[in-house]
S.K.: 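Take this structure first; my questions come after.
Numbering of ligands and ligand atoms starts at 1, following listing order.
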Amino acid sequence: MINLAILISGRGSNMEAILKSVKKNKMLVNPAVVISNKPDAKGIKLAQKLGVQTHVIESRGIKGANWDYDKKIVAVLEKSGVTPKNGLVCLAGFMRILSPEFIRYFKGRIMNIHPAILPSFPGLHSQRQAVEYGVKYSGCTVHFVDEGVDTGPIIIQDIVKVNDNDTEETLSKRILRKEHQIYPTAIRLFCEGKIMVKGRKTVRV
Ligand code: GRF
């Protein structure tokens with residue numbers, strides 16, 4: 001059984017979709033802990049309602065990747081049973097860059113969801129970038145986290161059409177619905193041992 005940690009900073013709608021899917025689809029995963037770097041993240045209450053342990057590790061004033069900060073995350077993860085042997089760490093709107101040390105420690109066991117078809121529009125405000133660029137399709141990507149920003153091996157992508165009258169808000173909403181589908185699927189595949197990383201690619205086994 002995989003022990004799952006979800007790291008959030010805000011609304012937590014992906015976290016909610018994951019936790020609900022774990023229950024509904026009886027996934028082989030134990031939702032061990034939700035960690036937020038912001039004490040006022042809406043997702044914290046949501047996680048508690050869904051019966052999952054929560055921890056706040058306040059990061060105010062700590063800019064950029066910081067191993068000392070990340071060590072506090074590691075401590076909570078290990079206390080919750082989320083280890084490099086049996087754990088999966090899912091970033092769901094977690095607005096911090098993780099340190100290379102953390103990424104190496106949990107190598108191949110950290111996933112992220114990004115609201116664009118990577119490698120297009122990495123970084124912040126991807127939906128705005130897509131609207132402003134004028135692409136006709138955008139979407140979302142679940143990928144493993146490596147030491148770059150939004151560069152790790154891609155696990156699943158899905159697309160949405162961009163309409164002429166779309167704004168950042170309308171496009172974000174449409175993409176979010178797809179995010180809520182592909183993130184739980186990626187987690188299920190991982191927990192069933194069906195994802196293999198080959199260089200910078202993943203393949204289904
Ligand atoms: C999502 O759009 C996700 O793709 C991005 O941050 C947003 C988080 O939303 N990384 P939520 O907190 O899951 O509702």
S.K.: Is it the case that ligand 1 has an N or O less than 3.5 angstrom from some N or O of Gly12?
M.R.: yes

S.K.: Can Ile113 be said to touch ligand 1, with heavy atoms closer than 4.0 Å?
M.R.: yes

S.K.: Table please: side-chain donor-acceptor pairs of residues 184-194 below 3.5 Å, with sequence neighbours left out.
M.R.:
residue, atom, partner, partner atom, Å
Thr185, OG1, Gln181, O, 2.9
Arg188, NH1, Glu192, OE1, 3.3
Glu192, OE1, Lys194, NZ, 2.9

S.K.: Can an N or O of Leu176 be found at a distance shorter than 3.5 Å from an N or O of ligand 1?
M.R.: no

S.K.: What are the two closest heavy atoms between Gly64 and Arg96, and how far apart are they?
M.R.: O-NH2, 2.8 Å

S.K.: Which residue in the set Asp68, Asn66, Asp70 passes side-chain hydrogen bond (donor to acceptor under 3.5 Å, both in side chains) when paired with Ser99?
M.R.: Asp70

S.K.: Do side-chain atoms of Gln53 reach the backbone of Ala47 as a donor and acceptor pair under 3.5 angstrom?
M.R.: no

S.K.: For Glu179 and ligand 1, does the shortest N/O to N/O distance drop below 3.5 Å?
M.R.: yes

S.K.: Go through it in stages, so that I can follow the logic: the residues are Lys107 and Asp146, the test is salt bridge (charged side-chain N to carboxylate O under 4.0 Å, His left out), and I'd like the CA-CA distance, side-chain angles, deciding distance and then a yes or no.
M.R.: CA-CA 8 Å; Lys107 194 173 168 9; Asp146 66 8; over 6 Å; no

S.K.: Mark yes when over 12 heavy atoms from residues, nucleotides or ligands other than Asp164 sit less than 6.0 Å from its CG; otherwise mark no.
M.R.: no

S.K.: To which protein heavy atom is atom 6 (O) of ligand 1 closest, and what is the distance rounded to 0.1 Å?
M.R.: Gly93 CA, 3.6 Å

S.K.: Tell me, which protein residue and heavy-atom name are nearest atom 11 (P) of ligand 1, and how many Å apart are they?
M.R.: Ser13 N, 3.4 Å

S.K.: Starting from atom 9 (O) of ligand 1, which protein heavy atom do you reach first, and at what distance in Å?
M.R.: Arg11 NH2, 3.1 Å

S.K.: Polar-atom distance check: Asn112 versus ligand 1, any N or O pair below 3.5 Å?
M.R.: no

